[in-house]
Amino acid sequence: MVFVPPTAEQLGLYLGLDEIQADRADLLLSSAVALCQTVVKPLPEGAEAVVLSVAGRAYVNPQQVSYETIGPMSVQRPQGSGGLYLTKSDKSALKSLAGRGGAFTVDPTPATADPSPTWPIDDVTGFADELEPGWGY
């Protein structure tokens, strides 16, 4: 299957909202897709969850406020706050969905390698009585 970008309705369902601003949600979703494509392009199947997570963070808390007091009003924001961003786990999930990252094995044996032994073989004893020149005996 191919990656299908989530819709504004799906973002509303993901966030548990009865009503959602469709234009704003569409903008955040398309921006989240573009941001995710900076890590993996094309986006793999299953990347919808990461896109929804990225867009959902920005929809619910656009200024990334981490501390708030209502009276007498105080707000604390981290450095470089606001906007869309990918967390380390978002990037890791995208790479994993694309089949990249994690442990892997590299086989250095060429595809044309012959599995037969390279030393002299005798049909009776298994080894030749006389070795070919170059074997050091």
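Summarising the geometry of Ala25 relative to Ala8, their closest heavy-atom pair is CB-CB, 3.7 Å, with the distance given to 0.1 Å. When every heavy atom of Val40 is checked against every heavy atom of Leu94, the shortest pair comes out as CG2-O, 3.7 Å.
Here the side chain of Ser96 pairs no donor or acceptor atom with the backbone of Ser92 at under 3.5 angstrom. Of the possible donor and acceptor atoms, one in the side chain of Glu48 sits under 3.5 Å from a partner among the backbone N and O of Gly46.
Atoms CG and CG, from Leu11 and Leu29 in turn, are 5.0 Å apart once rounded to the nearest 0.5 Å. To the nearest 0.5 Å, the span separating SG on Cys36 from NZ on Lys91 amounts to 10.5 Å.
Cluster membership for Phe3 and Val50, using ILVMFWY side-chain heavy atoms within less than 4.5 angstrom, is shared. Residues Leu52 and Leu17 share a hydrophobic cluster, clusters being chains of Ile/Leu/Val/Met/Phe/Trp/Tyr side chains in contact below 4.5 Å.
Side-chain atoms of Gln37 and Leu43, non-hydrogen and from C-beta on, do get closer than 4.5 Å to each other. Side-chain contact between Leu28 and Arg24 is present, with heavy atoms from C-beta onward closer than 4.5 Å. When side chains are defined from C-beta on, Tyr14 does not count as touching Pro6, because their heavy atoms never get closer than 4.5 Å. Counting only heavy atoms from C-beta outward, the side chains of Leu15 and Val60 approach each other to under 4.5 Å.
For the side-chain hydrogen bond (donor to acceptor under 3.5 Å, both in side chains) test, no residue two or more places apart in sequence or in another chain qualifies with Ser30. Remark: Leu35 engages Thr38, Val54, Leu84, Leu86 in a side-chain contact (heavy atoms from CB on, under 4.5 Å) (not counting sequence neighbours).
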Applying side chain to side chain contact (heavy atoms under 4.5 Å, CB included) to Lys95 and Val39, what does each step give before you reach the verdict? CA-CA 7 Å; Lys95 289 176 184 176; Val39 177; 4.0 Å; yes

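Counting heavy atoms of neighbouring residues, nucleotides and ligands inside a 6.0 Å radius, atom CG of Asp18 does not exceed 12 of them.
Taking 4.0 Å as the cut-off between side-chain N and carboxylate O, Arg57 and Asp90 count as a salt-bridged pair.
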